[in-house]
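I have placed the structure first, in the form of structure tokens, so that the comments after it can refer back to it.
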Amino acid sequence: MRKRLLLLLLAILIIFPAVGCNDEEAEGEKGNVIGENIFQVKVMVRNMTSENVKFMVRPHADEAGYDGQGEVDGPGGVFGTYGAVPGKKKGEKADLSGSFTLYAHDTSGPSVTIDVKGTYVIQDLKSDFSTMHFYIYEDGSFIKSDKETVYK
């Protein structure tokens, strides 16, 4: 009896991860497509000022429901969100061509426009660091950066 139970548990442990991966992959792609021809592109910004700064993205594509904005304390707080970029789905890939804007404080505050153009694997838009955009906010302006600097 005990041997059967162990074999059943082993079978479940082998089968469950394989099924879970397929569901995760499907959900990952679905989460990146927010309209028939609109896709999510991630942006991360590190606040290097000594104040709380409200960051926002327009047009936004947040599934978290906070309208593409949030306040981050400085120095060192990191804010991440998604911009909405138009594109055309081609199988597992999408041709993206558009831009979104990252703002500090409000839509009349300092900003940077992020241009996105190219062909991307849809599932990678949220998880692959090479498709993400990284910035430092310091002295009232945005400075293009890299993953290592923003996440340090």
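The shortest distance between side-chain heavy atoms of Lys93 and Ile122 does not fall below 4.5 Å. A 4.5 Å side-chain heavy-atom check between Leu96 and Tyr120 finds at least one atom pair inside the cut-off. Considering only heavy atoms from C-beta on, Pro86 comes within 4.5 Å of Ile38 through its side chain. For the pair Asp106/Lys54, no side-chain contact is recorded, criterion being any heavy-atom separation below 4.5 Å from C-beta on. You'll find the side chain of Gln69 stays beyond 4.5 Å of the side chain of Val57, heavy atoms only. Ser99 has its side chain within reach of Thr113: a pair of non-hydrogen atoms, C-beta onward, lies under 4.5 Å apart.
Judged purely by distance below 3.5 Å, without hydrogens or angles, the side chains of Asn47 and Thr49 pair a donor atom with an acceptor atom.
Panel note: side chain Thr131, backbone Asp124; a donor-acceptor pair is recorded below 3.5 Å. Distance alone, capped at 3.5 Å, is enough to place a donor-acceptor pair between the Arg46 side chain and the Gly76 backbone.
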I would like to know whether Val41 and His133 meet side-chain contact (heavy atoms from CB on, under 4.5 Å); could you show each step before the answer?
-> CA-CA 8 Å; Val41 176; His133 300 269; 3.6 Å; yes

Evaluate the side-chain contact (heavy atoms from CB on, under 4.5 Å) criterion for residues Val85 and Phe100: first the C-alpha distance (whole Å), next the side-chain angles of each, then the deciding distance (0.1 Å), finally the verdict.
-> CA-CA 7 Å; Val85 178; Phe100 59 95; 3.7 Å; yes

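Both tests pass for Lys147 against the ring of Phe129: distance under 6.0 Å to the centre and angle within 45° of the axis.
Partners of Asp95 by salt bridge (Lys or Arg N to Asp or Glu O under 4.0 Å), not counting sequence neighbours, listed by chain and number: Lys90. Qualifying side-chain contact (heavy atoms from CB on, under 4.5 Å) partners for Asp146, counting only residues two or more places apart in sequence or in other chains: Glu148, Thr149.
Ring pair Phe55/Tyr137: centre-to-centre distance below 6.0 Å.
Here CZ of Arg58 is found 8.5 Å from OG1 of Thr81. Values are rounded to the nearest 0.5 Å.
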